[in-house]
Amino acid sequence: MRSRVTKYIFVTGGVMSSLGKGLASASIGALLEARGLKVTFLKLDPYLNVDPGTMNPFQHGEVYVTVDGAETDLDLGHYERFTRSPMGKVNNVTAGRIYDTVLSKERRGDYLGGTVQVIPHVTDAIKERIREAGLGVDVILVEIGGTVGDIESLPFLEAIRQFRTDVGREHTCFIHVAPVIYQATAGEMKTKPVQHSVKELQAVGIGPDIILCRTERFLTKGIKSKISLFCNVDEDAVITAKDVDSIYEVPLVFQAEGLDEKIIQVLNMWTGQPDLRQWERLIEAQRNPENEITIVMVGKYVDLTESYKSLNEALVHGGMAIRAKVNIEYIDSEKLEDPEVLARADGILVPHGFGARGVEGKIRAVRYARENGIPFLGICFGMQLACCEFARHVAGLEAANSREVDPATPHPVIDLLPGQEEIEDKGATMRLGAYPCVIEEGSRVAAIYGQREISERHRHRYEFNAEYADRLEQAGLRFSGMSPDGRLAEIIELPDHPFFVASQFHPEFASKPFDPHPLFRAFVQAAVHRGRDRA
Ligand code: GLN
């Protein structure tokens, strides 16, 4: 392997959250990859949770699961979808994880009696993680979560400030993302928020090389030169990050603004021009759909659809593959009394979830899809509840349930594996990461995947209870994917239904715009057929 000098891009955000820093980082990664560079990412999150696995999806959005079983921030999903770089445990580090490392070392006596301090011990631990994540690539994008000015992000900012001195100026590039607000009454673009957040950054010793301005409209030359003057950056380093209809347009918009060119210049690198033809084709296909369908998602976290980020994207990818525009409607399963509201759906999706709330609504949705021949896809909890629904209404096992939902159920169709009850810690104790699965020949999913052995990502505690396999099979349920030892049910399907498939794993994490996941593609295809039949 040729030895590489890793270049480091640090991405910070100012003024407020939700500026799309993650998407910006992912898009920059895509542009650099299109220039032939090998890239990777690191997300540094300033909160004290050791990982996002225990965080409430209502607050934090989706927990993204990597192949190696890390529960990570949803930005890692953007990174994987936009590039070829595989994400894993080393690519997301929280302040909690850093402190955990430092404090364990302190308890072991590794600091030999020294006073343990934020500088240098915490900052050194952060720098070590940055170096580790950047091994073997040309460029690593390090995104700092939170907003500049927060107390919590200070150790991270201090660490990256030092980093520039450690590795040399020409090996680092600081990009700051901040909003330029259009004020309708004055008819003006306001640059003060940008100026103030750059001042915050300068106060901790960091002068950005590039400023990415989130705006509704293109920045004029006048605005750019104003920001350049006040914020001490080159005029061609002030980039418009304009709102777009599709997230997959962002790399193209950035390229047109000259962002990647500027980065290459700051990092003192030489590459060819990026080849963005596949991105252009993607956008062209997305803008000109031949069909339009509605997928109804019946879940619990419908007020924060960020909780279903990867699912949403996987549905969009499935649509792009067959030129279908996928509209996603969310229904709160707790409010789903009359399933007739689902009649308008071309496809019904019951996603992952935890706990008893809203479960009966989800079961009603499964039943409606099954009885009315509506394409159905169940993901994780969605598969578990599909098994319960089938057990209750087809196999005659009254009150069948998951032990998680009803500990006293007479028919625990979904249960913990023996020995699992004793686990008391909640963090990182689920079946996590990629596991192999063997697909049954002749099944629908065998045709969908086109291969017999697959590997998919998991995140759950409960499993299908094998004691019920015969009963459900006799009643017509097909277990079409199993763990290689034949003990764990991974995929179920109904042979006499237009499309009824559910998986214990999370296929959505593996879907990419240029490589849509076969299950989502097939599901969207089935929904298009239903749409046509109804028309
Ligand atoms: N709550 C279920 C379990 O723990 C399903 C989890 C999920 O849907 N990711 O097994």
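For this chain, numbers begin at 1 and follow the sequence in order. Note that ligands are numbered from 1 as they come in the structure, with each ligand's atoms numbered from 1 the same way.
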I'd like the atom pairs linking ligand 1 to the protein - N or O on both sides, separation under 3.5 Å - with distances to 0.1 Å.
unit_1: ligand 1; atom_1: 1 (N); unit_2: Gly353; atom_2: O; d: 2.9
unit_1: ligand 1; atom_1: 1 (N); unit_2: Glu404; atom_2: OE1; d: 2.7
unit_1: ligand 1; atom_1: 1 (N); unit_2: Glu404; atom_2: OE2; d: 3.1
unit_1: ligand 1; atom_1: 4 (O); unit_2: Arg461; atom_2: N; d: 3.0
unit_1: ligand 1; atom_1: 8 (O); unit_2: Gly353; atom_2: N; d: 3.0
unit_1: ligand 1; atom_1: 8 (O); unit_2: Gly353; atom_2: O; d: 3.4
unit_1: ligand 1; atom_1: 8 (O); unit_2: Phe381; atom_2: N; d: 3.0
unit_1: ligand 1; atom_1: 9 (N); unit_2: Arg459; atom_2: O; d: 2.8
unit_1: ligand 1; atom_1: 9 (N); unit_2: His506; atom_2: NE2; d: 3.4
unit_1: ligand 1; atom_1: 10 (O); unit_2: Gln384; atom_2: NE2; d: 3.1
unit_1: ligand 1; atom_1: 10 (O); unit_2: Arg461; atom_2: N; d: 3.1
unit_1: ligand 1; atom_1: 10 (O); unit_2: Tyr462; atom_2: N; d: 2.8

- Query: Any ring-ring contact (aromatic ring centres under 6.0 Å, His included) pairs touching residues 374-410, not counting sequence neighbours?
  - Reply: Phe376-Phe500
- Query: Do Arg431 and Glu490 meet the salt-bridge criterion of a basic N to acidic O distance under 4.0 Å?
  - Reply: yes
- Output yes when Glu132 and Lys89 qualify as a salt bridge under the 4.0 Å nitrogen-oxygen rule, no when they do not. no
- Message: Can you pull out every side-chain hydrogen bond (donor to acceptor under 3.5 Å, both in side chains) where at least one residue sits in residues 435-448? Sequence neighbours excluded, please.
- Response: Glu440-Arg478
- Note on the structure: Contacts of Asp470 meeting side chain to side chain contact (heavy atoms under 4.5 Å, CB included) (sequence neighbours excluded), chain-then-number -> Glu473, Gln474
- Query: Phe82 and ring-ring contact (aromatic ring centres under 6.0 Å, His included): which partner among Phe254, Trp279, Phe41?
  - Reply: Trp279
